[in-house]
Enquirer: 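Sharing a structure with you now.
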Amino acid sequence: MTTSEVSSAGQWRGVDLGTRTVRYDERDAILYALAVGAHATDLDLVLEDRLRVLPTFALTLAQWAPDELGGRGGFDTATALHGSQTLEVRSPLPRAGELTLSAHVGEVWDKGRAAVFEVVVECEHFVATWSLFAPGSGGFGGDRGPSAPAAPEGTPDLTATLVTSPDQAALYRLTGDRHHIHIDPEAAARIGQPRPIMHGLCTLAATTIPLARAAGAHPADLTSLSGRFAAPMFPGDSAEIRAWGTRSDLSFDVRSGDASVVSGAHVTFA
């Protein structure tokens with residue numbers, strides 16, 4: 001089916017979004033690591049001679065795919081929200097190189113007043129899936145899809161603190177997502193926020209660094225990650241990370257003040 005033949009949200013299911021070759025070098029990977037909270041003392045994340053590329057860097061390389069669906073008219077880019085994200089690591093990213101990524105629309109769930117589009121991007125090193133919540137696109141008679149995972153119960157097995165920098169969103173946007181709500185107070189005000197907000201993908205990736213350390217793992221050993229974006233976080237704020245399980249199977253959430261920032265999250269480290 002061609003894009004011009006798509007008349008309802010459900011008909012986007014399975015649509016090919018094309019392929020793209022992306023190139024990067026050590027500088028790009030190091031800038032990304034700094035943007036998600038690595039420090040100058042984390043030499044194997046910020047020094048090219050010892051560099052291990054954070055697996056979540058893949059999400060910046062694949063950001064073109066959900067943008068492609070929005071550009072084709074799959075959803076209203078002014079109102080759609082990034083609902084959740086998954087990443088499955090197939091093999092470590094090289095320090096520098098060229099990757100050919102292919103993308104397609106996965107499932108399209110009918111939530112009644114909204115639709116949820118899954119955009120799947122894959123290559124030899126990873127599979128990444130965006131879930132995009134699109135108000136006004138539901139009601140096409142499709143399946144509602146899975147429910148949100150149940151929150152873990154009991155005392156967490158691990159806790160950690162996510163500390164963000166006041167300049168973190170300004171730095172992270174240099175990795176590719178330059179939406180004005182992350183830097184311009186006037187743009188943030190138009191979506192009802194008192195000041196610019198963190199990128200959801202920045203918050204999720206930044207969480208994995210202190211969480212890996214608390215679990216006795218290295219953040220570059222991440223093998224899978226998923227999480228739902230429940231509320232925005234602001235640059236300069238801190239958040240509590242609570243986790244249940246072990247490094248090979250951790251459920252976690254992230255709370256800033258009284259707000260749940262990331263919920264229903266899961267991560268594994270090798």
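What you see is a predicted model, and the numbers here were worked out from it, not measured in a lab.
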Enquirer: By the side chain to side chain donor-acceptor pair (under 3.5 Å) test, which pairs, at least two apart or in different chains, include something from residues 36-45?
Expert: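 Qualifying pairs: D42-R213, D44-H218.
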Enquirer: Under 4.0 Å between a Lys/Arg side-chain N and an Asp/Glu carboxylate O for D237 and R195?
Expert: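 Between R195 and D237 there is a salt bridge, with a charged N closer than 4.0 Å to a carboxylate O.
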Enquirer: Would you check if the side chain of R23 reaches a backbone N or O of L99 as a donor-acceptor pair within less than 3.5 Å?
Expert: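 Answer holds: no.
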Enquirer: Measure across A65 and L17 and return the closest heavy-atom pair with its distance rounded to 0.1 Å.
Expert: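 What the structure gives for the nearest pair is O-CD1, 3.9 Å.
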Enquirer: Quick check against the 3.5 Å criterion: does H199 have a side-chain atom that pairs as donor or acceptor with the backbone of D177?
Expert: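 Between the backbone of D177 and the side chain of H199 there is a qualifying donor-acceptor contact (under 3.5 Å).
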Enquirer: If only side-chain N and O atoms count, and only distance matters, is there a donor-acceptor pair under 3.5 Å linking T268 with S224?
Expert: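 Side-chain D/A pair, S224 to T268: present.
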Enquirer: Can you tell which of L87, D249, L225 makes a side chain to side chain contact (heavy atoms under 4.5 Å, CB included) with V267?
Expert: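 Of L87, D249, L225, side chain to side chain contact (heavy atoms under 4.5 Å, CB included) with V267 is met by L225 alone.
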Enquirer: Report, as yes or no, whether the 6.0 Å neighbourhood of atom CZ on R50 holds more than 12 heavy atoms from other residues, nucleotides or ligands.
Expert: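 Atom CZ in R50 is not packed in, count stays at 12 or less.
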Enquirer: Between R242 and L158, is there a donor-acceptor pair closer than 3.5 Å when you use the side chain of the first and the backbone of the second?
Expert: no
Enquirer: Return yes if a side-chain donor-acceptor contact under 3.5 Å exists between T161 and S238, otherwise no.
Expert: no
Enquirer: Just wondering, are more than 12 heavy atoms of other shown residues or ligands nearer than 6.0 Å to CD in E186?
Expert: no
Enquirer: Are a donor atom and an acceptor atom from the side chains of T56 and Y32 found within less than 3.5 Å of each other?
Expert: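 Checked: T56/Y32 side chains pair up, N/O donor to acceptor below 3.5 Å.
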Enquirer: For a quick test of reading the model, state the closest non-hydrogen atom pair linking L132 to H82 and the distance between them.
Expert: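 What the structure gives for the nearest pair is CD2-CA, 4.2 Å.
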Enquirer: Does a donor on one side chain and an acceptor on the other come within less than 3.5 Å for S251 and H266?
Expert: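 No.
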Enquirer: Does the gap between the ring centers of F75 and F133 come in under 6.0 Å?
Expert: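 F75 vs F133: aromatic centres not under 6.0 Å.
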Enquirer: For residues 136-151, which residue pairs pass the side chain to side chain donor-acceptor pair (under 3.5 Å) check, not counting sequence neighbours?
Expert: none
Enquirer: Would you call E48-R95 a salt bridge at under 4.0 Å N-O?
Expert: no
